[in-house]
There are 2 protein chains.
Amino acid sequence: MSLTYIQSFVAVAEEGHVGRAARKLHLTQPPLSRHILALEDELGTRLFERTPRGMKLLPAGEVLLSHARRILAEVDMAIERTKGAGTGGR
Amino acid sequence: MSLTYIQSFVAVAEEGHVGRAARKLHLTQPPLSRHILALEDELGTRLFERTPRGMKLLPAGEVLLSHARRILAEVDMAIERTKGAGTGGR
DNA sequence: CGGACCCGATACCGAGACAGCATTGGATCG
DNA sequence: CGATCCAATGCTGTCTCGGTATCGGGTCCG
(Lines give C-alpha, C1' and ligand atoms only; values in the text may rest on other atoms or scores of the structure.)
Protein backbone atom coordinates (compact mmCIF):
# COMPACT_ATOMS: atom_id res chain seq x y z
CA MET A 1 0.00 0.00 0.00
CA SER A 2 1.41 3.37 -0.93
CA LEU A 3 0.15 6.92 -1.15
CA THR A 4 0.94 6.94 -4.85
CA TYR A 5 -1.38 4.02 -5.42
CA ILE A 6 -4.08 5.70 -3.40
CA GLN A 7 -3.78 8.83 -5.53
CA SER A 8 -3.96 6.72 -8.65
CA PHE A 9 -7.01 4.94 -7.39
CA VAL A 10 -8.84 8.17 -6.60
CA ALA A 11 -8.02 9.61 -10.01
CA VAL A 12 -9.29 6.54 -11.84
CA ALA A 13 -12.41 6.44 -9.68
CA GLU A 14 -13.15 10.07 -10.45
CA GLU A 15 -12.47 9.84 -14.17
CA GLY A 16 -13.89 6.37 -14.69
CA HIS A 17 -11.17 5.97 -17.26
CA VAL A 18 -7.55 4.91 -16.88
CA GLY A 19 -6.25 6.88 -19.83
CA ARG A 20 -7.76 10.18 -18.73
CA ALA A 21 -6.70 9.64 -15.13
CA ALA A 22 -3.17 8.99 -16.36
CA ARG A 23 -3.04 12.29 -18.23
CA LYS A 24 -4.34 14.06 -15.15
CA LEU A 25 -1.56 12.54 -13.05
CA HIS A 26 1.13 13.22 -15.68
CA LEU A 27 1.61 9.50 -16.10
CA THR A 28 0.97 6.99 -18.85
CA GLN A 29 -1.74 4.38 -18.93
CA PRO A 30 0.26 1.18 -18.24
CA PRO A 31 1.74 2.06 -14.84
CA LEU A 32 -1.60 3.42 -13.71
CA SER A 33 -3.30 0.22 -14.76
CA ARG A 34 -0.72 -1.67 -12.73
CA HIS A 35 -1.38 0.47 -9.68
CA ILE A 36 -5.01 -0.55 -9.71
CA LEU A 37 -4.17 -4.20 -10.23
CA ALA A 38 -1.67 -4.06 -7.38
CA LEU A 39 -4.25 -2.57 -5.05
CA GLU A 40 -6.81 -5.16 -6.02
CA ASP A 41 -4.24 -7.86 -5.48
CA GLU A 42 -3.19 -6.53 -2.08
CA LEU A 43 -6.76 -6.16 -0.91
CA GLY A 44 -7.88 -9.43 -2.46
CA THR A 45 -10.88 -7.75 -4.01
CA ARG A 46 -11.93 -6.24 -7.30
CA LEU A 47 -12.34 -2.49 -6.97
CA PHE A 48 -13.60 -1.73 -10.49
CA GLU A 49 -15.73 -3.38 -13.06
CA ARG A 50 -14.05 -3.25 -16.47
CA THR A 51 -16.54 -2.11 -19.09
CA PRO A 52 -15.98 -1.37 -22.77
CA ARG A 53 -16.29 2.32 -21.89
CA GLY A 54 -13.95 2.36 -18.92
CA MET A 55 -13.84 1.57 -15.23
CA LYS A 56 -16.88 1.51 -13.00
CA LEU A 57 -16.57 1.42 -9.21
CA LEU A 58 -17.68 -1.73 -7.44
CA PRO A 59 -19.02 -1.58 -3.87
CA ALA A 60 -15.61 -2.35 -2.39
CA GLY A 61 -14.23 0.47 -4.51
CA GLU A 62 -16.79 2.90 -3.12
CA VAL A 63 -15.73 1.96 0.39
CA LEU A 64 -12.09 2.48 -0.42
CA LEU A 65 -12.75 5.77 -2.20
CA SER A 66 -14.17 7.48 0.85
CA HIS A 67 -11.27 6.34 2.99
CA ALA A 68 -8.75 7.25 0.31
CA ARG A 69 -9.99 10.81 0.09
CA ARG A 70 -9.77 11.18 3.84
CA ILE A 71 -6.24 9.77 3.90
CA LEU A 72 -5.03 12.15 1.22
CA ALA A 73 -6.64 15.08 2.99
CA GLU A 74 -4.97 14.05 6.25
CA VAL A 75 -1.60 13.88 4.56
CA ASP A 76 -2.02 17.34 3.05
CA MET A 77 -3.00 18.72 6.41
CA ALA A 78 -0.07 17.01 8.12
CA ILE A 79 2.36 18.58 5.67
CA GLU A 80 0.87 22.02 5.98
CA ARG A 81 0.63 22.00 9.77
CA THR A 82 4.12 20.60 10.24
CA LYS A 83 5.62 23.17 7.89
CA GLY A 84 3.78 25.83 9.82
CA ALA A 85 5.02 24.55 13.16
CA GLY A 86 8.58 24.55 11.90
CA THR A 87 8.85 27.98 10.30
CA GLY A 88 6.10 30.18 11.64
CA GLY A 89 6.03 28.48 15.00
CA ARG A 90 9.46 29.79 15.92
CA MET B 1 6.05 11.69 1.18
CA SER B 2 5.41 8.01 1.58
CA LEU B 3 3.70 5.78 4.09
CA THR B 4 6.96 3.98 4.69
CA TYR B 5 8.63 7.19 5.78
CA ILE B 6 5.71 7.99 8.04
CA GLN B 7 6.02 4.59 9.71
CA SER B 8 9.73 5.17 10.15
CA PHE B 9 9.12 8.55 11.67
CA VAL B 10 6.61 7.20 14.19
CA ALA B 11 8.93 4.39 15.20
CA VAL B 12 11.85 6.75 15.78
CA ALA B 13 9.64 9.18 17.67
CA GLU B 14 8.42 6.41 19.93
CA GLU B 15 11.82 4.87 20.56
CA GLY B 16 13.79 8.10 20.65
CA HIS B 17 16.54 6.09 19.04
CA VAL B 18 17.21 5.28 15.40
CA GLY B 19 18.95 2.00 16.05
CA ARG B 20 16.20 0.55 18.22
CA ALA B 21 13.49 1.79 15.85
CA ALA B 22 15.34 0.10 13.00
CA ARG B 23 15.34 -3.25 14.77
CA LYS B 24 11.66 -2.86 15.49
CA LEU B 25 10.97 -2.25 11.80
CA HIS B 26 13.26 -5.09 10.66
CA LEU B 27 15.52 -2.59 9.00
CA THR B 28 19.05 -1.30 9.57
CA GLN B 29 20.01 2.07 10.93
CA PRO B 30 21.27 3.86 7.79
CA PRO B 31 18.12 3.70 5.65
CA LEU B 32 16.03 4.69 8.63
CA SER B 33 18.27 7.66 9.29
CA ARG B 34 17.83 8.65 5.66
CA HIS B 35 14.05 8.40 5.94
CA ILE B 36 14.07 10.98 8.70
CA LEU B 37 16.42 13.24 6.78
CA ALA B 38 14.24 12.95 3.69
CA LEU B 39 11.16 13.93 5.66
CA GLU B 40 12.92 16.88 7.22
CA ASP B 41 14.13 17.94 3.80
CA GLU B 42 10.70 17.62 2.22
CA LEU B 43 9.04 19.56 5.02
CA GLY B 44 11.83 22.10 5.26
CA THR B 45 11.96 21.67 9.04
CA ARG B 46 13.91 19.78 11.64
CA LEU B 47 11.72 17.17 13.30
CA PHE B 48 14.19 15.87 15.88
CA GLU B 49 16.94 17.27 17.98
CA ARG B 50 20.02 15.05 17.80
CA THR B 51 21.38 14.43 21.25
CA PRO B 52 24.23 12.18 22.33
CA ARG B 53 21.61 9.81 23.71
CA GLY B 54 19.36 9.69 20.66
CA MET B 55 16.59 11.63 18.97
CA LYS B 56 14.33 14.03 20.80
CA LEU B 57 11.15 15.35 19.18
CA LEU B 58 11.05 19.04 18.34
CA PRO B 59 7.73 20.92 18.31
CA ALA B 60 7.28 20.39 14.57
CA GLY B 61 7.88 16.70 15.18
CA GLU B 62 5.17 16.59 17.82
CA VAL B 63 2.75 18.11 15.35
CA LEU B 64 3.67 15.60 12.69
CA LEU B 65 3.49 12.69 15.12
CA SER B 66 -0.16 13.18 15.93
CA HIS B 67 -1.06 13.45 12.25
CA ALA B 68 1.13 10.49 11.38
CA ARG B 69 -0.60 8.23 13.86
CA ARG B 70 -3.99 9.24 12.51
CA ILE B 71 -2.89 8.63 8.92
CA LEU B 72 -1.60 5.14 9.70
CA ALA B 73 -4.78 4.32 11.59
CA GLU B 74 -6.87 5.54 8.65
CA VAL B 75 -4.90 3.37 6.27
CA ASP B 76 -5.37 0.30 8.42
CA MET B 77 -9.07 0.98 8.64
CA ALA B 78 -9.31 1.51 4.89
CA ILE B 79 -7.66 -1.85 4.24
CA GLU B 80 -9.84 -3.70 6.71
CA ARG B 81 -13.10 -2.13 5.60
CA THR B 82 -12.38 -2.59 1.92
CA LYS B 83 -11.42 -6.21 2.40
CA GLY B 84 -14.64 -6.69 4.32
CA ALA B 85 -16.72 -5.03 1.62
CA GLY B 86 -15.18 -7.27 -1.00
CA THR B 87 -15.42 -10.68 0.62
CA GLY B 88 -18.02 -10.53 3.37
CA GLY B 89 -20.14 -8.03 1.48
CA ARG B 90 -20.95 -10.53 -1.25
C1' DC C 1 -20.01 -9.90 -41.74
C1' DG C 2 -15.47 -7.30 -41.40
C1' DG C 3 -12.45 -3.71 -40.52
C1' DA C 4 -11.50 0.44 -37.66
C1' DC C 5 -11.46 1.90 -33.17
C1' DC C 6 -11.26 2.33 -28.13
C1' DC C 7 -10.50 0.24 -23.92
C1' DG C 8 -7.43 -1.98 -20.19
C1' DA C 9 -3.68 -5.58 -19.67
C1' DT C 10 0.91 -7.41 -20.54
C1' DA C 11 6.02 -7.98 -22.18
C1' DC C 12 10.08 -5.92 -22.05
C1' DC C 13 13.71 -2.70 -20.96
C1' DG C 14 16.38 1.09 -18.89
C1' DA C 15 16.81 4.49 -15.19
C1' DG C 16 16.24 5.61 -10.57
C1' DA C 17 15.25 4.43 -5.73
C1' DC C 18 16.45 1.98 -1.86
C1' DA C 19 18.46 -1.28 1.58
C1' DG C 20 22.66 -3.07 3.49
C1' DC C 21 27.69 -2.96 4.59
C1' DA C 22 31.42 -0.40 6.00
C1' DT C 23 33.03 3.70 7.73
C1' DT C 24 33.11 8.45 9.43
C1' DG C 25 32.52 12.32 12.67
C1' DG C 26 31.05 14.12 16.87
C1' DA C 27 29.99 13.96 21.73
C1' DT C 28 30.23 11.82 26.35
C1' DC C 29 32.24 9.13 29.98
C1' DG C 30 35.57 6.45 32.59
C1' DC D 1 43.00 10.36 26.25
C1' DG D 2 41.05 6.02 24.86
C1' DA D 3 36.59 3.58 24.69
C1' DT D 4 31.99 3.86 23.59
C1' DC D 5 27.66 5.17 21.66
C1' DC D 6 25.14 7.81 18.61
C1' DA D 7 23.49 9.45 13.82
C1' DA D 8 25.27 10.50 9.14
C1' DT D 9 27.54 9.32 4.77
C1' DG D 10 30.02 6.73 0.73
C1' DC D 11 29.41 3.02 -1.95
C1' DT D 12 27.43 -1.00 -4.28
C1' DG D 13 24.07 -4.44 -5.79
C1' DT D 14 19.36 -5.24 -6.35
C1' DC D 15 14.81 -4.36 -7.09
C1' DT D 16 11.13 -1.25 -8.07
C1' DC D 17 8.81 1.45 -11.30
C1' DG D 18 7.66 4.16 -15.38
C1' DG D 19 7.74 4.35 -20.52
C1' DT D 20 7.37 2.16 -25.22
C1' DA D 21 5.38 -1.14 -27.85
C1' DT D 22 2.03 -4.53 -28.34
C1' DC D 23 -1.78 -7.56 -27.31
C1' DG D 24 -6.69 -9.15 -26.69
C1' DG D 25 -11.33 -8.22 -26.26
C1' DG D 26 -15.45 -5.70 -27.11
C1' DT D 27 -18.22 -2.25 -29.87
C1' DC D 28 -19.70 0.37 -33.73
C1' DC D 29 -20.31 1.48 -38.47
C1' DG D 30 -20.07 0.62 -43.35
Side-chain angles (χ1 to χ4, degrees), chain A residues 1-62 64-65 68 72 75 79 82 86, chain B residues 1-62 64-65 68 72 75 79 82 86:
Chain A
M1 178 74 79
S2 97
L3 289 178
T4 305
Y5 289 1
I6 293 178
Q7 287 172 326
S8 297
F9 168 76
V10 171
V12 171
E14 285 175 350
E15 296 289 330
H17 195 286
V18 177
R20 272 195 295 275
R23 234 172 298 127
K24 197 173 169 183
L25 295 171
H26 306 289
L27 225 67
T28 56
Q29 177 258 321
L32 196 41
S33 181
R34 285 188 291 249
H35 292 181
I36 305 300
L37 292 171
L39 275 177
E40 290 181 331
D41 183 62
E42 180 175 350
L43 296 170
T45 313
R46 284 278 171 197
L47 299 171
F48 292 100
E49 186 192 339
R50 276 70 169 174
T51 78
R53 307 213 169 270
M55 310 281 273
K56 189 170 168 301
L57 270 180
L58 292 174
E62 305 261 17
L64 181 58
L65 181 56
L72 295 179
V75 169
I79 292 173
T82 306
Chain B
M1 177 75 80
S2 98
L3 289 178
T4 304
Y5 288 2
I6 293 178
Q7 287 172 326
S8 297
F9 167 76
V10 171
V12 171
E14 285 175 349
E15 297 289 330
H17 196 286
V18 177
R20 271 195 296 274
R23 234 173 298 126
K24 195 172 169 183
L25 295 171
H26 307 289
L27 223 64
T28 55
Q29 177 258 322
L32 196 40
S33 180
R34 284 188 290 250
H35 292 183
I36 304 300
L37 291 171
L39 275 177
E40 290 181 330
D41 183 62
E42 180 175 349
L43 295 170
T45 313
R46 284 274 170 200
L47 299 171
F48 291 100
E49 184 193 341
R50 276 70 170 173
T51 78
R53 307 212 169 272
M55 309 280 275
K56 189 169 168 302
L57 270 181
L58 291 174
E62 305 261 16
L64 181 58
L65 181 57
L72 295 179
V75 169
I79 291 173
T82 306

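Computed from a predicted structure; not experimentally measured. Proteins come first, then strands; the chains are lettered A, B, ... in the order of their sequence lines, and each starts at number 1.
Recorded end-axis angle for the helix from C:dC1-D:dG30 to C:dG30-D:dC1 stands at 20°, based on five pairs per end and rounded to 10 degrees.
In this structure, B:Phe48 reaches neither bases nor backbone, as no heavy-atom distance under 4.0 Å exists between it and the strands shown.
Looking at residues two or more places apart in sequence or on another chain, you find a side-chain contact (heavy atoms from CB on, under 4.5 Å) between A:Glu14 and A:Val10, A:Lys24, A:Arg69. The side-chain hydrogen bond (donor to acceptor under 3.5 Å, both in side chains) check on A:Arg46 picks up A:Glu40, with sequence neighbours excluded. Taking B:Ala60 as the reference, A:Thr82, A:Ala85, B:Thr45, B:Leu47 meet the side-chain contact (heavy atoms from CB on, under 4.5 Å) condition, with sequence neighbours excluded. A:Leu25 pairs by the side-chain contact (heavy atoms from CB on, under 4.5 Å) definition with A:Ser8, A:Ala11, A:Leu27, A:Leu32, not counting sequence neighbours. For the side-chain contact (heavy atoms from CB on, under 4.5 Å) test, residues two or more places apart in sequence or in another chain that qualify with B:Gln29 are B:Val18, B:Ser33.
The stretch residues 33-43 of chain A touches DNA chain C through A:Ser33, A:Arg34, A:Leu37, each having a heavy atom under 4.0 angstrom from the strand. Near-neighbour residues of DNA chain D inside residues 8-32 of chain A, defined by a heavy atom below 4.0 Å, number-ordered: A:Leu27, A:Thr28, A:Pro30, A:Pro31. For DNA chain D, the neighbouring residues in residues 50-58 of chain A, judged by any heavy atom under 4.0 Å, are A:Pro52, A:Arg53.
Other residues, nucleotides and ligands contribute at most 12 non-hydrogen atoms within 6.0 Å of the CZ atom of A:Arg53.
Here chain B contacts DNA chain C (any atom closer than 4.0 Å to a heavy atom, that is under 4.0 Å), and the contacts span C:dC18 to C:dC29 from 5' to 3'. Protein chain A touches strand DNA chain D; the 5'-most and 3'-most nucleotides with an atom under 4.0 angstrom of its non-hydrogen atoms are D:dC17 to D:dC28.
Pairing each heavy atom of B:Leu39 with each of B:Met1, the nearest pair is CD2-SD, 3.8 Å. The nearest pair of heavy atoms linking A:Leu72 to A:Gln7 is CD2-CG, 3.8 Å.
Rounding to the nearest 0.5 Å places CD of A:Glu49 at 10.5 Å from CE of A:Met55.
For the ring-ring contact (aromatic ring centres under 6.0 Å, His included) condition, the pairs that include at least one residue of residues 2-46 of chain B, sequence neighbours left out, are B:Tyr5-B:His35, B:Phe9-B:Phe48.
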